[in-house]
Structures are given as structure tokens and as C-alpha cells.
Amino acid sequence: GCFVFKPSPKKTRVSQKTANDFRERNDDSEDAELRFVTCQSLWNQIKSETEQIQEDLNTQLFDNLVSFLRRSHSECQEKTTEWTCRMKSREIPTAALILGVNVTDHDLTLKSLSEVLQDNITPYIALLEAKDCPGIKNLMQKLMGQLMNCHIDVDSLEDEDYVQVSQNRIRCSMTSLVNWYESVTKKTDSETPSKKRASSSRHGQSPPVVVIFKDMESFTTKVLQDFIVISSQHTRELPLVLIFGIATSPMVIHSLLPHSVSSLLCIELFQSLSCKEHLSTIIDKVLLAAQFPFKLGEKVLQILINIFLYHDFSVQNFIKGFQLCIVEHFYAQPLSVLCCQLVEAKKRANSLSHDQCENIRRLPSFRRYVESQASEKQVALLTADSIVKEVTQKLLEDLHVYHENYVSVLRCLHVFTSSLPKYPLGKQIRELHCACLENRVWETEEYESSLQLARMLNKSDLVTMLQQCVEILVSSSGKEFDKTVEKLKEFLTQFQKLEAEAFQEQDVSISSQKELRKKTDLYHLQKTLLELKESRRSKKLTKFEMLRFEVVDYIDSLVRSYLVPADHKTLHEILYFNTASVLRAHLNAAPRIALHTALNNPYCYLKNQALKPDGGSISNKAPDICIVYKLHLECGRLINLVDWLEAFSTVVMAVEGPHADAASSDQVDDIIHARFIRAVSELELLGFIKPSKQKTDHVARLTWGGC
Amino acid sequence: MSQLEGEGCGGLEVKFVPDEDVLKHIVDDPGIKVQKDKTQLTDSVKRLVKKLENVSDDEAQEILEENNYVAALGICAQGAVGNYSSVSGGEVYSFQTPKRSSKMAELASELARTPGESVAPGHSKCPEKTAKTPQSSSMFLLLMHIFPLLLQSKQKEFVSTTPYRLRKRLAAPDPYLESESEYSASCSEEEEDEEGQKEVGTVLSGQKTPAKTNAASTPPPRNTLAKKNKEKMTSLVEEYFEAHSSSKVLTSDRTLQKLQKRRLNQQTLHDLLKKAPLAYAAEIEELNQQHESLFSKWMLQLHLGFNIVLYGLGSKHGLLEKFRTSALQDSVHLVVNGYFPSITVRSILNSVTEEVLDHIGTFRSPLDQLEFISKKFKEDSSLQLYVLIHNLDSQMLRGERSQQILAQLSSLPTIYLIASIDHINAPLMWDQAKLSLYNWLWYETTTFSPYVEETSYENSLLVQQSGSLALSSLTHVLRSLTLNARGIFRLLAQYQLENKDNPSYPGLSFQDFYQQCREAFLVNSDLTLRAQLTEFRDHKLIRTKRGADGVEYLLIPIDDSTLTDFLEKEDEDV
């Protein structure tokens, strides 16, 4: 069933033709090459950025781990005589590393971890996966293979005969491992001094052997137990350290290992950053960053976030989806050639071809822009390419400025909304971002209620928020914010003034209370209390409250002027990717629903009038498989093939009825029979039915629903 | 029928208690209790509500997000070019519900009768027109007819001994059957025929279940107080349990044997299908054109590190083949026909190592081989390989281990995988780990083209041909054996046919068989018989099985109809 096709060696393609694929479809536009290059460079930038982010997020964790590893063995080597240490020496130091539920993301973390360890602690690192270790024997084999190989990698120039020793010939046991370790450490001792110094300075005298278990939960308990028990016998000779990658909770160690085994471990717990925080950082640093011109539209972002939250919690997948968005955007949108840094984009806009100018004119947002212009300008815009180019440059700059302002104001707004009770606009900045992209955020109910809530904030909160806003705006690259910052600072000083006044007010209230305490009769007391209540109800707003209103109104005005949804902006199509349906179809497909639709309603795919469904049911002219499927829906668990065949032929005969003569009926029958067999075996291939032994000539139905 | 029941009840002084009353009787008690505890209950409810409000804002957030999610999905489903009719998951994935055996025939006749205009399904139930419907429906009507008799004879224990649970099930409202009973009253005279009569016997003697389900048609005493909603709910539940209650099946007993139709083998089937014109060829062509316009996009995405999986109704063999010839002519590529019944992961890996990498030598395990391949591909980045797999979800490749290996293979940066899946449950093969290795991009490519290649290997359902194959092999083998051996086999076959109605027939025990063979002068010692049996076993003509008592049982693993045919043929020859 496998066939290899090799082209003749002459014709072998040059590997650098990916760009051609880009061009093949959009043969009309000559910018394909440029677009592809832009796309690639953008993606590479984003990729390295995300990797950098991940590294930064993990540094803390790795530092802790490194110091743990240092500690674990140096201690015991120094004071071997002490009793506690001797007790401890039977225990294997173990790091339990909680990495979150998405196991596939562990790969990257563990890989960078082993790199870090290789640099700092020890060259002897083995990473074991459950699928390689069905038994203890395989585990040992894998372990030794990795350890010995990695040793060879570190100083590969060494004696040749060592390399010759294949792992297969060494008996895989703990003793041979110990022997290997002794020989290796001795060898480094007796080596040329220069080399020794280099390695020993980094790794110490006897570097520990680190064994990483990726996704510990998936290992068979027996294998783990055996390994731990065996290796605990050799802790003296072999400084072993285990690292468990755990997806769920640390409790799992105790449920997997009985007490007698887990008591051999000296476990320390490490927690990695949760994937949600990781995602937030990515969104913050990549999606909202000004240095990347490419942006995601609301629906697209929503889909990516939903896949993350409801399907896999995988940051890698999120990034993959992002990559797909970039590729799709640059592939489908000829104008995406302008989706680059502003300076470059202006240059490119200047040298646009006539076709591309036409493309710009075709953009809906640009049309809206043209319509809003004066009539002479309209004519100019529609006829002269040079003017289009000019305007495009200007609009691109506008768009750029809009972004810078948008992000800063969004962050300010987030400072406010993220501390409101119940979070009407969401807790995370991504939710706020989505809300702002979707439509005018100030028209939504949630925004209204969050303003209401903001008007009830207390002073200390308000002041700290204002301070945060000032910080954000000062650090932002937008140039328009000088005034805003000044205004906010003014608010802050006013609040400080208020504080001084507040003391006096307090005095007044105290005095009025003092009055109450004076001796008086019941009638008067009642009267004064009533007055007090009255005055409180109709009391004019205090100065603080006035100021609070002012602040909130000011923030509101900021939002209205800067957080306009992107698709209201002219030329947003160039920078924003908004075709959510494509993304969903490729990443979150529903194969069974597609089958269902095709079988129940073939008209969806085959645009033939005869197939048009009338009144809910399919017509009898549908393809055979649809009819057979429809008939089988009416059956119970088992289906009699004969009945099925007869029902099928009833339907088919009715369609062909007038043409079929009595003479050729026999042959027609055979053809129908054959068609039936084909349709039934197709249904079997699709998994709707399977042959059954319960009764002769019966098949069993496997699915329910779909009527 | 309800009348009848009523009379019987009167005579025997057994009162028929409607379900609702029984229910009330049972429910009453807790009902009072509930009222007593009402205050307490509301209190606790209040507390609960408060608690709910206090539940971390995260949760409220989550709910909000869920709404968003559903909304987003809905929007997308509608937004997608109309190819997606918005079908919800609930429609596609649902529970088993009871079906009547005659419904398929009804639908067929209805479909047949409406060649354009739609006819209301209600008024068309006339015996003259349904003359063509298969007899399963007639059998059903017949049952309805004889049911009163059955009921009369069994009535006493029927009413008094059935446990409550069953009675409830029996009384479950089934409007369908109800209407059917009227129907049968009016039409049954015409429908009765001799063949039906024959089947009455079998029904009366053996099968109990039909009687039971027919009993369900007794109209339940209507209680106006019963709440509609609740009824709906309970009827759903009842239907579910009814559908799962009996392991017996209510289908007609007809077999293809009786149909007197010429057997079709693979070749004739193929020829016949060639004669039948492909319906909607133009539209299908158009669909294919649409898919073909994506080829360059596929190439691009493959090169960017994604792998591509195609799904949707219709064979994707032709499409992939076209992709291969148009886009991959100048590069090294591997085509894997997953539907091939003897394909293994090993053979895929072998063709990679042997033919692509020109490596001679064997590997101890697929994992070693995979490691070798990945090493080679990582060393030489100019090495590129396109892998096309037709039917990645086929019987042979769907195993966990093979999928793991294929996923790892596909995760290599210079191996580009494009595969097709057809089975409805194919996505269940992949867990998160494999999905991330595969790095799929999904493409819906509904082609509506027939699965010619894919089903040509699948002989299991084509009962017609599998029998002929087994038969011809049987005759061939037996012809080469001695006369005595043939006699021995014939004895066993005859014995098995005699017992074909016994579902728990274990086979013929060796001792009995020996006895019979001796009596027929076929063997003289059990050693010769054993030698003979070994020969049969080597040709897979018989199977031995040890029973619970340690006795050896012999069985011919061929279905009865083929065996009958074989014996007939043997008789002709002799």
C-alpha cells in the first residue's frame, strides 16, 4: 500500500520556492514576493518575541530549581558523618514541578530547563517520557542511552573506543550505570588540566545525574516504583536527582506511589506560572504591542481565546493560531504588503502599482472615506493614483497614531475596570480589548454600569488608579498625552487638597454629634434626628464627590475619543485580520457536522435545483448514499438488509419509473442492487453501521440522532 | 383493545390501576413532607443563592465567557459561506430511541410517492398503494391482528404479575402505535396472506417480546391532570429505557438467500456500477474545482510547518491524486493507501528508510526506525518528503501506537503530511499530545464522489461475495482430499446445519464425532480422526474450542447458508 515516487534527479526542485506558492493564486499582483518576505520576517519576529517571553517567565522558576539542585548534593557531600545526613542519604532529592494541564506545552519548558541545567549544574541529564518506558527495562535502556550519549556530546573529541561501546551491549542495570558514572567522573579528573578546569568550574566535582520525568501521571506506577526503589539503593555512589513534571496537583505523587516508596524521596515543590498568566503576557506583549503592525480583529481574537479557554489551555496552540492568522492575512489580502513598519509602509505606498491603487479604492472603509469627502476631492481620489498614494500615506500614519493612543487608553481604562466589583467589563485586559474592538464600548450596558460603579470608588483607590494611569500615559509613546497627563496630575493635587479640608469637615460632624449627646427631651431629640436625616439626604455633593464625578467624566471622554473600534477606521483592512470563519474552519473543525449536512441536505454542496429540500425532507433524487442514510435513520438497533434493499429500490424505481421497461427490468434491478451495495459499504466506511452476527443479513446501527 | 381489557378485568375481579394513580400514591407521601419542610427549604435555598452570589467572581466571569463563546460559535456557523447549515451538536449526537420496524418502508414509499410535490404523510395510508412495501410492515399489522387473541389467553398473569416498572413501561403513551392500531383494524383483511400465516406460528410459539411491545399500544387512561411538560420528559426517559430494555430485535427474518438474486462478485459489481451513470456529475465536478483551487495554499501551509487533514463526505482519493500529479511531480513523495487491508506502520516506515533514504538494514522496533529517520532528516535539511495518506483512519492505522508513530513522523520539519479521514469518529484517535504533533489544519473537502477504491477491499458487508469466496476455497481444498476425509467433513457440516437454530450450539464434541465417524466406517481409530482433523485445521476449515467442561468442540467457521450451498453442490457432484 505504500508507493514512493521519486522525480528524476535533474528535475528536483530548488528548495526555495515557497514564495511561488504564494504567488500562484494571486497572479494579478506582483507584490507576492514582497508580501511573503514581509510575512516571514514578521512571523520570525513574533516567534522570537514569544520565545523570549516564555524564557523570561520561567527564569524565576529555573533559578529556584538550579539552587535546589546545587543544595541537594553539596550538603551531603560535605558532612557525610552527620547522622541526619546519613539518614537523608538514602533519600533521593526530588523536585516536583507543577506545569499545568496542557502536557504538550511541557515540552518547551522542559527543553529549556534541561538547557539551563546543562549550562549550570551538570552535563548528565536524561528526559524520559511515558511512551518510551512501558517497563523498567526500557526505562533503564532509555536512561542509559541518553546519559551516555550526552556525555559523548559534551566532549566528543575523546577516545574513540568509548563511542564504540553501543548501548545495546552494555547490560542495562543500575550497577553498570554506577560504573559508568565512576569512570566518567574519574576520567574528568585525570584529564588535561585545561579541559578539566573548564568543565569542573561549571559543574563541580561530581555533578549530579538529573532524570526528568515528563508528565509523571502517565507513567505506569510499577515502573516508577521499581525505578525509585532500585535507585535509592545506589544514592551513595550515584548522586541522582529526579524531576517530576506534573500536570495536575502534587497530590498525585502520593496517589501514584505508596508510602514505602514515596518515603524514599525528598520532595520539594515548584510551581510554574499558570498558562492563563502566560497567555495574558503574550497578549499584552505581542497583540497589544505597537512594534507589530499586524493586528487581530475582534472575532478572530475571540475564537483564539475560546479555543484556549475551552479546549486546550495551550499557549503553543494559541501561537500557532496566531501564525495561521498572519499567513492567511498576507495570503488573502494583496494590500497586506503595506502591513509593516510605518516608515517602510510609507515608502511602499509611494511605489504602489495601478492595480494596487484600485485595490485600495475597492476597500469598503476607503469608500466610506471617499464618500465623506468633498466632491472635487472625490473625483481626484477615484481617478488619480498619486493622490490615492498620498492619502494612503496619511491614513496609514493616522492608523499608526490611533494604535499608540488606543493601547495606552485601553490600559488606563483597564486600571479602572479591573478593580470594580463583579468586573462588568471583564477582569483581563483581553476581555476589555475584545469589547472595545467589537463596537463602541461606551454604548454598551456593561460600560454604563462600570461607570456607575466607578463613581462609587473610595478616595484611596481612586488616587492610586490615577497614579497608575499617569505612569502608563507617561511611558507610552503617544505624543498627544501631555495634556492628559497634566490634567490627571491636577486631579491628584486636588485630591491632596481635599484631604486637608476633610479634617475640618470631620470636626463639624463631630460637633453635631456632640450636640446630640447633650441632655434633652424626647421631642427635641426626635426633631434633631429628623433634621439630621433630612440634611443628609438632601445634602449637596461634597467636594470629593464632585471631584470624583469630574474624574470619571474625564476618563469617559478619553475613552470616547481614543477607543473607537478599529473597523471604523479607514484602511483598517490592511492591518486587521478579520476573517474568523476561515480560522474556525481550519482550527476548530467539526467533521461530523459536515458529514451530517452532506447526508441530510446535499443541496448545501450540490447546487442542483432537483435537490432543493422541500418541506424539511430530502428529495428522492438525492445521491444514493443520502437515500440509504435517510432510510436507515428509521430503523432500530439492527437493520435487515433485505428490507433496506427493498425500500431503497422502491425509492429509486419511483424516480426512474417511467423509463424502466419491463424487458430490461431485470438488469435495472441488478444495477440498483449494485448501487445499494455500494451505498451500504460507504456507510460502513463512514462508521454509521457495522456488520452484525446476531441475525443473518443484518447490520447494526452505530449512531443515533441526525434525523 | 381497552374495552377488551376492561371486560377481562371485570370477570377476574382484578382492577386495572392506571399508572398516574399509582404514581400519585407513591408521590403523595413525599409531597406532604415537602410542604412541611417548605419553610426550611426556602431558607436553605436563599442561603444557597447568597452563596452563589458570593462565589468568586471568577465563576461569574466564566459564565459570561461561556455566553460569549456560544455566541461566537453561532455567529461563525452562520458566517461561513452557507456551507454550514447551522446544525447544533444535540441533533447530531443523541440517544437511541425506539423505532418501529415498518417505518423504513413507510418512508420509502413516501419518498417514492413524492417525486416533486410534497404530499402530506397523513392521508396516504391506503392498502392498495402500499402493496409494494416489504412484508415487515404486513407482519406488523398481522401482529396487531392476532394480538387480541394473545391478550385473552395471557391476560390474567399479564395484568397481575407484571412488576410495576414494566407496567409503567407498557403504559407509556405512544401515539404512534395508537394510531397504528386503528389503521390495522381497517386494513388487516386485505393484508393477510399465506406467508404471513406462516409467521404467526413462529411468533406465537417463541417470541415474547413482540407481544410485549404490542401491549404498549393499549391506550393509557388519559389523566387530564398530568402535566404536559413532565409527560414529555418522562416519555423521553421511557423511550430511552425501552430502546435499551430488550436485547431482542424486531426485524423481519428475511435473508438475502430467499431473494433468489444472482450473487454479485467484485467484478460484476464493478461492471454494473460502471453502467450506472454518476448522478450530478456536473455539480461534483464543480465542487472538485473549488477544492483544486486550494492546492497552492496547501503547499504554502505545508511548507510553513502545518500538516493538512481533509474531511467531508465523498472519496478524497481522486482529489489527493490530482494534488499529487499537479503539485508534487518534482519532489520526493510517498503515497500511502491506508484503506489497503494489510498496510502497517512498519511498511510505511520501511518505505521511508529503504526507498527514500536508501538505507539497507533492519530495525529492532518501529521506534528505533523512527529515531533513525528523524536523525537523518535533521542532519540533512535539504531532504524533503511529502507524505500523502489516504484514509489515515483506516482499520490498520487507527491504533494508538501507529498514530503515535505517524504523528511523530509528521512533526519533523521537512516531512509534509497531507491526509484524509472519513470515519465519523476519526478525530477521537487523537489526544492533545498527538494533535500538537500533527499540527493539523482542517479542510472540509466534501466531494460526493463514490468511495470506489476505499470500499473495494471491504468484503465484510458485501455478504454476497464473501460467501462465494469461502465456498470456492472450500470446494478447492476438499477436492484435493480423500473420499473418507470428505465424508468426515460432510458429517460435521450436516450436524452443524441440524443445529443451526440453536444459538448456543457449542459445536460437535470430539467424542461424539468419533462415534459418528466410526458408525459411518470413515475412521478406525481416534488417531486417524485426529490426523484428519489436523489437516482440516491447517486449511482453516474447522476450529476447535474447549468447552467449560474441558471437552473439545469442533466447529466450521462458515455461515450456514454457504454451508448449505456447499452440501448441495457436493450432492450434485456425487
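In what follows, every chain begins at residue 1, and chains take the letters A, B, ... in the order their sequences are listed.
Using a 4.5 Å cut-off between heavy atoms, B/D422 touches chain A through backbone and side chain atoms alike. For B/L287, the part lying near chain A is the side chain, with the backbone staying farther off; criterion is any non-hydrogen pair under 4.5 Å. Neither the backbone nor the side chain of A/V103 has a heavy atom closer than 4.5 Å to any heavy atom of chain B. With a 4.5 angstrom heavy-atom cutoff, B/Q404 touches chain A only via side-chain atoms. Proximity to chain B is absent for every atom of A/Q316, based on heavy atoms less than 4.5 angstrom apart. Both the backbone and the side chain of B/P450 come within contact range of chain A, with heavy atoms under 4.5 Å apart. For a residue to count as touching a neighbouring chain, one of its non-hydrogen atoms must lie under 4.5 Å from one of that chain's; by this rule A/I625 touches chain B with the side chain only. Using a 4.5 Å cut-off between heavy atoms, B/I284 touches chain A through backbone and side chain atoms alike. Residue A/W644 touches chain B through both its backbone and its side chain, counting heavy-atom pairs closer than 4.5 Å. Residue B/F448 touches chain A through its side chain alone, counting heavy-atom pairs closer than 4.5 Å. With a 4.5 angstrom heavy-atom cutoff, B/I343 touches chain A only via side-chain atoms.
The side chain to side chain contact (heavy atoms under 4.5 Å, CB included) search around B/N439 returns A/K320, B/F306, not counting sequence neighbours.
Contact count against chain B (heavy-atom pairs under 4.5 Å) is highest for A/Q323 among A/R675, A/Q40, A/Q323. Taking B/R401, B/H390, B/Q301, B/R324 one by one and counting their heavy-atom pairs under 4.5 Å with chain A, the maximum is reached by B/R324.
In this structure, A/E328 pairs ionically with B/K297, as a charged nitrogen and a carboxylate oxygen lie closer than 4.0 Å.
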For side-chain contact (heavy atoms from CB on, under 4.5 Å), just list the numbers for A/D215 and A/E129, CA-CA rounded to whole Å, side-chain angles, deciding distance to a tenth of an Å, and then say yes or no.
-> CA-CA 7 Å; A/D215 187 26; A/E129 288 184 49; over 6 Å; no

What's the verdict on side-chain contact (heavy atoms from CB on, under 4.5 Å) for A/V652 and A/S649, showing C-alpha distance, side-chain angles and the deciding distance?
-> CA-CA 5 Å; A/V652 175; A/S649 65; 5.5 Å; no

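No side-chain donor-acceptor contact under 3.5 Å links A/H698 to the backbone of A/L638. A donor-acceptor contact shorter than 3.5 Å links the side chain of A/N102 to the backbone of A/D312.
Using bins of under 30°, 30° to 60° and over 60° for the plane-to-plane angle, the ring pair B/Y443/A/H586 lands in the tilted bin.
Contact of the A/L324 side chain with the B/L441 side chain is registered, since non-hydrogen atoms from C-beta on lie closer than 4.5 Å.
Checking B/Y451 against A/E684 by side-chain atom types alone, no donor-acceptor pair falls below 3.5 Å.
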